[in-house]
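Read through the structure below, which is laid out as structure tokens, and then see the notes.
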Amino acid sequence: MLAIELSCDDACVALLEKYPGRVPQVLAHSRATLASAHTGGIIPTAAHEFHQQALAKEVQKIIEWDRKLPDLVCATRGPGMVGSLSSGLQLAKGLSIAWNVPMVGVHHMVGHIAAAFLPKKEGSPNGAENHETPHFPFWSLLCSGGHTMLVYLKSIIDHEVVANTLDIAAGDALDKCARELGFVGNMLGPELEKYVQSIDDNEKLAFGKIDTARDNRFNLRMSMPMRGPKRLKVPEKVEFSFSSFLSSVQNLKKNGPLTEELRRFCAYKVQETLFAHLADRVLVALTKPGRPFQDFVCSGGVAANGRLREILRESLKRLPDSADADEDIKFHFPDLSLCTDNAVMIGSAGAEVFEQYRKKSDMDVLPIRKWPMDEWLVADGWVDVSDAEFVRVTDNEK
Ligand code: KG4
Ligand code: ZN
């Protein structure tokens, strides 16, 4: 199977081997990324042009790994930047016609969830994590540069988006705050994480004792959103909000140039307060009755953050129902290499729909810029796979 992920600035291609009912094996995976550090963000037209140049070459490189032609093509259909999505979809359609194999248009965010089902590399920091695959129904916190959602899943296609962000996504807020703090690069969440990790433990301990919801010697004002006196009772609708973190950093800079100590303090507080807000809202949503679960998945680019993983584990321990050890929440975080955008997760999600639901995409499907997660199979352009085609693809996979 060939999988293509093009929704933003990465051109990712993967060649996978899939045995029915099992998770796919990665034969080859490649990624080419648009350099956008100097532009301070991704320019959609530049991304489109980049993909026109990069994608075909990546595919050419990847298919040389295996003499056998792929029997299924999966490509991201949305949500994302239309220019990027259409470059990927067009090539996927061309390959599907040329190889006479089905194509599946994949929902990018479902791909992120599918990443949690894939094996983790031995020796990675995930080594100590849960190696079992998640069991439905489960909760999934999706944290990326474009989305922050808490979703309750009964199956890979049956989702209920329980909480969403009111403004920007968590990853976007981290990137913007880091940029304000002087970091330069393509993806700044990991830079911020490394920087905070490098702060001396004693200093972090001292920083932790300073409450930025009140006056403090650094004059940084930053508090957890939705925790004001009027908001203390459990809200009808749970929501996230991240734009205030950027305002806090911008306001701090109005006081004058940042000293190195102030920069460390602010970087530390951005991560801690933003992740505490995420965990706080998740806890509120999980304590509401009616959605039984034992597994909790956190995926998307921000899920690569070690501190977020720690804070979620610490905060969700307080869930009243999980007091009994047997009832403890089972956490699942994708392998670090599969948290940020990649084609493996797209192939994995696409193959699932093909195998379990026997669906493929029609050749006239268009990219979908904004696409609610619960509308993956509700969108237009699905065609039932005939028995003959199903056998042809799945037999090849054996
Ligand atoms: O899922 P992703 O690769 O792309 C989108 O679908 O948006 O997520 C990218 C986001 C960026 O905002 C990036 O800064 C953030 O994930 N990110 C991280 C880390 N790695 C990636 N944020 C915090 N800590 C990390 N280690
Ligand atoms: Zn993503």
Side-chain angles (χ1 to χ4, degrees), residues 8-10 33-44 46-47 81 143-148 165-200 203-204 206-208 210-228 239-281 300-308 311 339-341:
C8 190
D9 58 341
D10 288 322
T33 304
L34 167 74
S36 56
H38 57 288
T39 53
I42 301 152
I43 300 169
M81 292 177 179
C143 279
S144 71
H147 298 87
T148 304
T165 173
L166 279 177
D167 38 60
I168 57 176
D172 194 16
L174 289 171
D175 290 342
K176 289 188 163 121
C177 288
R179 195 159 290 129
E180 288 291 337
L181 290 173
F183 291 88
V184 185
N186 252 349
M187 225 209 280
L188 298 177
E191 301 301 318
L192 192 70
E193 179 180 25
K194 266 185 254 152
Y195 179 71
V196 174
Q197 262 168 2
S198 75
I199 302 173
D200 177 77
E203 189 172 42
K204 271 195 267 202
F207 285 169
I210 300 172
D211 182 1
T212 50
R214 300 161 188 276
D215 287 341
N216 58 79
R217 72 178 173 94
F218 291 105
N219 285 325
L220 171 67
R221 281 299 214 153
M222 187 180 288
S223 43
M224 267 210 278
M226 293 153 182
R227 269 283 171 196
E239 281 158 331
F240 303 106
S241 170
F242 301 98
S243 57
S244 65
F245 295 99
L246 176 61
S247 315
S248 291
V249 182
Q250 286 169 334
N251 287 336
L252 177 73
K253 284 175 68 185
K254 286 183 191 149
N255 299 340
L258 297 181
T259 61
E260 202 40 52
E261 188 193 20
L262 193 48
R263 188 169 181 252
R264 288 197 299 275
F265 180 67
C266 188
Y268 170 83
K269 282 294 182 190
V270 165
Q271 267 209 172
E272 289 293 307
T273 323
L274 193 148
F275 294 156
H277 166 58
L278 267 171
D280 176 59
R281 292 297 93 186
V302 186
N305 192 291
R307 186 62 189 135
L308 171 62
I311 288 181
C339 284
T340 44
D341 291 347

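No hydrogens, no waters, no symmetry mates; every other heavy atom, side chains included, goes into these values.
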Starting at [atom1] of [X], measure out to [atom2] of [Y] and round the result to the nearest 0.5 Å.
X	Y	atom1	atom2	answer
L188	D172	CG	CG	11.0 Å
I199	R264	CD1	CZ	6.5 Å
C143	F275	SG	CZ	8.0 Å
L252	C266	CG	SG	5.0 Å
N255	L262	CG	CG	8.0 Å
H277	S244	NE2	OG	7.5 Å

Residue pair [X] / [Y]: nearest heavy atoms and the distance that separates them:
X	Y	answer
G300	S144	CA-CB, 4.5 Å
E193	R307	OE2-N, 4.0 Å
A178	L192	CB-CD1, 4.2 Å

Are a donor atom and an acceptor atom from the side chains of T33 and D10 found within less than 3.5 Å of each other?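 Yes, because at least one side-chain N or O of T33 sits under 3.5 Å from a partner of the opposite role on D10.
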Could you tell me if the side chain of [Y] sits less than 4.5 Å from the side chain of [X], heavy atoms only?
X	Y	result
F242	L174	no
L166	M226	yes
F183	R263	yes
F240	L274	no
I210	F265	yes

Classify the ring geometry of Y268 against F207: parallel below 30°, tilted from 30° to 60°, perpendicular beyond 60°.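 If you compare the ring of Y268 with that of F207, the planes turn out tilted.
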Set of residues satisfying side-chain contact (heavy atoms from CB on, under 4.5 Å) with respect to S243, sequence neighbours excluded: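 Applying side-chain contact (heavy atoms from CB on, under 4.5 Å) to S243 gives D167, I168, S241.
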List the steps and the verdict of side chain to side chain contact (heavy atoms under 4.5 Å, CB included) for D211 and N216. CA-CA 7 Å; D211 182 1; N216 58 79; over 6 Å; no
Salt-bridge present (R179, D175; N to O < 4.0 Å):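 No, this pair does not count.
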Checking T340 against M187 for the side chain to side chain contact (heavy atoms under 4.5 Å, CB included) test, could you report, in this order, the C-alpha distance in whole Å, the side-chain angles of both residues, the deciding distance, and whether it holds? CA-CA 10 Å; T340 44; M187 225 209 280; 3.6 Å; yes
Please tabulate, for the side chains in residues 217-224, all donor-acceptor contacts under 3.5 angstrom to protein atoms that are two or more places apart in sequence or on a different chain.
from : atom 1 : to   : atom 2 : distance (Å)
R217 : NH2    : E261 : OE2    : 3.4
R221 : NH1    : A213 : O      : 2.4
R221 : NH2    : D215 : OD1    : 3.4

Mark yes or no for whether E272, through its side chain, and G208, through its backbone, hold a donor-acceptor pair below 3.5 Å.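 No, the answer is negative, given that no donor and acceptor are paired below the 3.5 Å cut-off.
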For K176 and F245, indicate whether the former's side chain and the latter's backbone hold a donor-acceptor pair under 3.5 Å.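 Side chain of K176 to backbone of F245, a donor-acceptor pair under 3.5 Å: no, none is there.
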